[in-house]
Amino acid sequence: MNAPYPDETLLRRFEPVLRCTKGDRFFPIDVEPYVQACSLWAQRPGEEPVRVVPSGELTLETLPQQPLDGSGAVHFLKFTDPQNLPEGESRGVGALRERAVRGLRETRKAFRAGRGRLARVGYVSRFVDALYSITLLARGRVPGEAAGMAAVAYRRAMEERECYAYHGRVTRQEGWTVLQYWLFYPFNDWRSGFFGANDHEADWEKVHVYLAAAEDGEMRPEWVAYASHNYAGDNLRRRWDDPEVEKVGEHPVVYVAAGSHASYYAPGEYLTELDLPLPRPLARFFRGARGFWRERLGQYAGAAGVAAPFHIPFVDYARGDGLAIGEGGDRAWDSPRVISEPAPAWVSGYRGLWGLYARDPFEGEDAPAGPMYNRDKTVARAWYDPVGWAGLDKVPTPAEAAAAALGRREDLETRREELRTEIGEKANRLRKLGAEAAAVRGRSHLDARGRETKRHIAELSEELGRLRARLAADEAVSGSLSEYAGRMEAGERGPARAHISRAHRPASETELRFSRVAEAWAAVSVSLMLVIFVAIAIFEQVHLISMLVVSIAFFAFAEAAFRGRLVNLVGSVNIVLAAGASLVLLYEFFWPLVVAAVLVVSLYVLWDNLRELRR
Amino acid sequence: MAGVRLAGREQGRPDPVATSRRPVRAIGLMLMLEAAGSLAFGAYELLRVDWRRIVSMRTLPSRDVIETLALLMFAPAVVLTLLAALGLLLLRRRGWLLAAISQGMAVATGLWLYATYEPLYVYPIMAYAVLMILYLNVHDVRAVFYPGDQKRGPRRMS
């Protein structure tokens, strides 16, 4: 696996520099010792999971065998199985818990969360978050002591041989040479260690560097894409010369989020939200209403989407103040584990999960599949289409950019020729039809034919208009393409960030300077509101509705004031009040309002006509 | 432009004041008109009542008097409207918020009075306040005061 490959040179040349966050306990390792430390399990539908290979007996070669396979079966590894602990280690649950707590304490000591995630998001989100946390009790999840056990196992392995490694793959697609750096972490302790969404055994992350051959044959880095949760597409990608891409020599710097191991371009704290979408018909209704409100009435409708009004907030702490791995860092990379073509059996043959299968319906607590597969055993896009995964499939390499533009111009030229011919034919036909219409005009026995001819003329005329518009647009595009090709040939490059529609940015200094009162409010408000509701229901049944309205108004205003959203709240409340008042007015003065509306319309028409007369 | 500023405006943006002074001033004047009208109407109604006779009476005052007294409930909204009008005429960013709160208060008070005493004067007050709310909420007007509302929110995790 460590034999020198030509690809290895490329991988080493551009291997990333990882800057982790203080408090993070897991770093990228080679999968081989991990697999050896794991046991392999099979879970068939409706049955209890069965251990098919005990720990210590599993190797990368035997991993793909997957015994007890069958329809609906899930194979998974177990890294933190108490039965895996070697002789001499304490096996008591109490001892494990104690060790987990000790590990967590160490993490918390090294890591300060700063401003809480709940203080950064709305009241509803905090309420939904509380419900989401409660569902963890019912959902399948990684046991509490798992992170501690994984940390112990990981530390033991590192003590035997300290090693920081990535698995590298070089693949070529559509003119691009893609360097894929697959980073394997033995555990994701985002939830238990860093107030995140989930914990799971094993974590596969990836960093892609896209190279293109220059005219002199030299491979030049053009783009990079860092994986971050399940995102894909243009927003993941940065051009190599983008100032946001920090580099040490030719090595891109990756800021790794604590626990989740999501990768970011800049150090900071990133607010990430889990969307809980509305049911589809409701979302459609709200979308329509919002469109009418904004487009037809010209009213302010906010920037947020309506399809997912509830969000559970999580913060990714990618501070870069922890261990640095790679060029110029605290630790150096071990020699790359190259995934050559065809892919080794442990990559292509093992379709199971790389850690505990917690049977979580949201999948957040289930371990991920390997680099080649998704959890449902389908092939992952990042594997078979790494160029498309980062939205690069529409971008020609610099060497091909001018040719691509000229090629497109040629296509358009061909189409323009075809269009011109078609327009000529149709214009000729239209003229003939015009002559026919003129010839039959005023002849009563040809009235029916005349009507039909007119209809044909109208249709043909409309079609001709469309074709001419397309021809004109094609001509403009063709000119633009020529100019673009010229610029590309001259070595010019467009703006580096034009492709990014929503860049993920860390929280600003101002946002981080949130008052302690606001944090305290965020922490207690949900519980306080529920307690007050219960108190009102018990002690103030006579004024139940009014008291509830008053308390909700109080919480809403306090919340909005803390979060600087008073303007939005006042706007929304006003709209509701205005709607209520409008209904009252409509109910009380329906006919006078109808008469007034007619009068207004008639006055407007009169004014408009008089204005026309004056011109 | 000297002496005119929009508090909280960020640097580098086109000056919203220069492009949108007229509608903002118009809202200011309309609010001033509303406050003046409300004050005049309130003063007229309150002066119409013979308070000495009512005080000397031992029975409950008539419904008309109660409705007139209820007018006082609009006092906070009128004061805020006045402040908002001044704020808008001076093109202060907080003017919008004050105006929105004052109009919301006027409508809420009107709705409450409609549900309890149903005095006739609540209808014009509510109608005027509703129109003001809609005008204040017009996208372009709002954007003058809060250009940041156009910004996108944080990216979401799927």
Side-chain angles (χ1 to χ4, degrees), chain A residues 120-121 197 228-232 235 260 262 270-275 277 293-295 297-305 307-308 311-314 316 501-505 507 553 557 564 566-585 587-589 593, chain B residues 8 10 23 77 80 84 93-116 118-120 122-158:
Chain A
R120 299 181 196 193
V121 288
S228 175
H229 299 291
N230 294 325
Y231 303 131
N235 292 321
S260 76
Y270 293 80
L271 184 65
T272 306
E273 294 182 18
L274 179 70
D275 290 347
W293 182 248
R294 190 187 170 100
E295 305 303 329
L297 301 181
Q299 296 284 305
Y300 176 76
H311 316 289
I312 304 176
F314 295 104
D316 254 339
S501 59
R502 289 183 85 179
H504 208 173
R505 294 191 180 288
F557 272 86
L566 207 53
V567 171
N568 285 348
L569 179 77
V570 170
S572 307
V573 170
N574 273 4
I575 294 305
V576 173
L577 286 171
S582 303
L583 287 175
V584 166
L585 292 169
Y587 173 73
E588 293 288 341
F589 303 100
L593 282 173
Chain B
E10 288 179 24
L80 277 182
R93 189 163 136 159
R94 282 181 200 283
W96 189 94
L97 185 60
L98 269 181
I101 292 174
S102 69
Q103 297 313 294
M105 281 174 77
V107 173
T109 312
L111 282 172
W112 186 77
L113 284 178
Y114 169 76
T116 49
E118 233 177 298
L120 280 175
V122 293
Y123 301 120
I125 293 176
M126 282 201 303
Y128 197 92
V130 165
L131 288 177
M132 287 306 300
I133 284 173
L134 292 177
Y135 192 33
L136 283 167
N137 202 52
V138 165
H139 200 271
D140 295 345
V141 172
R142 201 172 149 144
V144 175
F145 294 93
Y146 299 102
D149 281 351
Q150 318 288 338
K151 274 190 232 162
R152 282 174 175 276
R155 199 168 63 161
R156 314 238 179 262
M157 186 172 77
S158 55

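Note on naming: letters A, B, ... go to the chains in the order of the sequence lines (proteins, then strands), and numbering restarts at 1 for each one.
- The side-chain contact (heavy atoms from CB on, under 4.5 Å) check on B/Leu131 picks up nothing, with sequence neighbours excluded.
- Heavy atoms only, all atoms of each residue included: B/Ala77 and B/Ala106 are closest at CB-N, 3.9 Å.
- Going from atom CD1 of A/Ile575 over to atom CG of B/Asn137 covers 4.0 Å, rounded to the nearest 0.5 Å.
- Interface remark: A/Val573 contributes no atoms to any contact with chain B (heavy atom separation under 4.5 Å).
- Looking at A/Leu577, the atoms closer than 4.5 Å to chain B (heavy atoms on both sides) sit in the backbone and in the side chain alike.
- The interface of residues 107-114 of chain B with chain A, defined by heavy-atom distances below 4.5 Å, comprises B/Val107, B/Ala108, B/Leu111, B/Tyr114.
- In this structure, CG on B/Leu136 lies 7.5 Å from OG on B/Ser102, to the nearest 0.5 angstrom.
- Residues B/Ala100 and A/Val570 come closest through the heavy atom pair CB-CG1, 3.4 Å.
- Nearest approach of B/Leu80 to B/Ile101, heavy atoms of both residues: CD1-CG2, 3.8 Å.
- Interatomic distance, CD of A/Glu588 versus CE of B/Met126, reported as 8.0 Å (0.5 Å rounding).
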